[in-house]
Amino acid sequence: MKPIEIAKDIYWLGVIDWNIRDFHGYSTYQGTTYNSFLIMDEKITLIDAVKKEFADELIASISELVDPKKIDYVISNHTEMDHSGGLPRVMHRIGEDKPLYCSKMGHKNLSRHFSQKWNYQPVENGGKLSLGKRTLTFLETRMLHWPDSMFTYVKEDKILFSSDAFGQHYAGIERFDDEIGEAIMPHARKYFANILLPYSPLILKLVDKVTEMGLAIDMICPDHGIIWREDPSKIINAYVEWSTQKPKRKAVVIYDTMWHSTEIMAEAIVEALGQEGINARPMHLRSCHRSDIITEVLDAGAVIVGSPTINNGLFPTVSDFLTYMKGLKPKNKVAAAFGSYGWSGESVKLINKELEQMKFDIIDPGVKIQYVPDDKGLNACHELGKIIARALP
Ligand code: FEO
């Protein structure tokens, strides 16, 4: 891609990964971008690299503006390989001895990823670096979402380079929020739900801290997706709302099924929830990707999980989903389990055990039905839906 000037002498140099569809288990139906930035000041500074296979594309973009050897400083806001994978090639081209600024944890983590003895310059939280006309300020953002993560702020231009935070996995021709409008928000929301959700309490603290510091922000430049320039407060406010995890009158019924019995139960529960005025939908685990289900779980007040019993255990996709959801630590949910069985019937007990570990409020022991739901079984599913509806705000 050709460089795009996003502010005077500051350029977007990202690459577009149109074809990626699986980002470590997250479905990226519309690809993603890896954003890199170049500040042409007295000290020419590159902020973040790209994934390994796009390193040559980044070097070509830099070369449209300046001989890469003229770059004075490199900033690495985050070690994960989608941003650092291209560093060896880029540093080789820029000069292995050029100062590489990163957080202290970034120094440790980059050293664990790469054998090169780069000229690491670990920075403190609040540390500053003069580029000439501008001064960069580094803000540690540990666990948002790695221990090494940091932001880089340019006071003179009021630009926040926010690494992964405020990003979206979206590949498109648009570079800015005002070019795409509301259509970017589902991507930002999915990205939050699947990457940043476990760190919600830290996000709320960070927003408070930034507000206290009175940091003026005209533009937020994340490392994925579009740049927020028209209204950066929109994504900050969305992060506050998503981090708060206030439950809505919404239920997600997540299940898998072998011979449709658990499916019939899921649909009966959804029907009852709908009759009670709850926004409810069934999500079949082999029809919906786990990352899309979690996006729906984000603001749901109720999570109801169903599995048939197979070989005394859970259906594998249900185990997969419960493991994924547990790691993302959603909060403020009422929950229940259901499932069909043939002879042993452990699934409801096993789901409840997982839901308990997630600290969900299990409001009913759950419904288990042998073989195929009859009228009595369907009534039990309807009753479960009504119990859940009553528990929602
Ligand atoms: Fe985009 Fe945590 O890497």
Side-chain angles (χ1 to χ4, degrees), residues 1 12-37 46-55 57-58 61 74-90 100-114 138-152 160-172 175 184 187-200 202-203 206 220-228 235 239 242-243 290-291 294-295 324 327-329:
M1 286 290 291
W12 171 84
L13 293 176
V15 298
I16 303 180
D17 192 348
W18 293 100
N19 296 323
I20 187 169
R21 290 294 177 269
D22 184 315
F23 191 99
H24 59 47
Y26 173 141
S27 67
T28 45
Y29 303 124
Q30 284 189 259
T32 193
T33 72
Y34 313 108
N35 297 338
S36 179
F37 302 92
L46 180 72
I47 299 181
D48 290 330
V50 296
K51 210 172 174 184
K52 185 179 178 181
E53 48 266 51
F54 295 95
E57 202 177 317
L58 174 60
S61 294
V74 177
I75 315 286
S76 169
N77 280 326
H78 177 31
T79 307
E80 197 166 4
M81 299 282 256
D82 49 329
H83 310 292
S84 70
L87 265 182
R89 222 167 145 58
V90 169
L100 173 55
Y101 293 86
C102 55
S103 66
K104 286 182 183 168
M105 288 304 293
H107 180 200
K108 277 188 186 172
N109 288 356
L110 285 168
S111 304
R112 294 288 303 164
H113 281 74
F114 305 104
F138 303 109
L139 303 169
E140 269 190 349
T141 55
R142 282 192 184 203
M143 299 319 299
L144 291 179
H145 69 122
W146 274 27
D148 52 80
S149 299
M150 70 175 192
F151 292 172
T152 298
L160 185 69
F161 295 96
S162 64
S163 182
D164 275 336
F166 310 119
Q168 331 89 46
H169 284 314
Y170 172 75
R175 296 275 68 80
I184 199 62
H187 300 287
R189 177 190 172 85
K190 178 171 176 178
Y191 183 97
F192 179 93
N194 284 277
I195 294 176
L196 292 155
L197 182 59
Y199 312 109
S200 294
L202 293 177
I203 290 168
L206 178 71
I220 297 177
C221 298
D223 277 354
H224 298 287
I226 60 93
I227 293 165
W228 305 92
I235 189 65
Y239 266 47
W242 296 333
S243 298
R290 64 170 91 81
S291 54
I294 282 293
T295 310
Y324 189 64
L328 290 167
K329 299 186 175 71

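Hydrogens, waters and symmetry mates are skipped; everything else that's a heavy atom, side chains included, is used. Just follow the structure's listing: the first ligand is 1, and inside any ligand the first atom is 1. The structure displayed is predicted, hence computed values, not measured ones.
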Original post:
Taking the inter-plane angle between the rings of His169 and Tyr26 on a 0 to 90° scale, is it parallel (under 30°), tilted (30 to 60°) or perpendicular (over 60°)?
Top reply: perpendicular
Subject >> Sub-6.0 Å ring centroid separation between His83 and His224 >> reply: yes
Original post:
Are Thr141 and Ser149 close enough that a side-chain donor and a side-chain acceptor fall under 3.5 Å?
Top reply: no
Original post:
Is Asp164 close enough that one of its N/O/S atoms sits under 2.8 Å from atom 2 (Fe) of ligand 1?
Top reply: yes
**OP:** Would you please indicate yes or no on a ring centroid separation below 6.0 angstrom for Phe151 and Phe138?
**Re:** no
Original post:
So, His78 and Asp48: side-chain donor and acceptor under 3.5 Å apart, yes or no?
Top reply: no
Subject >> Metal check, atom 2 (Fe) of ligand 1 vs His145 N/O/S, cut-off below 2.8 Å >> reply: yes
Original post:
Does any N, O or S atom in His224 come within less than 2.8 Å of atom 1 (Fe) of ligand 1?
Top reply: yes
Original post:
Closest to atom 2 (Fe) of ligand 1, which N/O/S atom of Glu80 is it?
Top reply: OE1
Original post:
Near atom 1 (Fe) of ligand 1, is there an N/O/S atom from Asp82 that is less than 2.8 Å away?
Top reply: yes
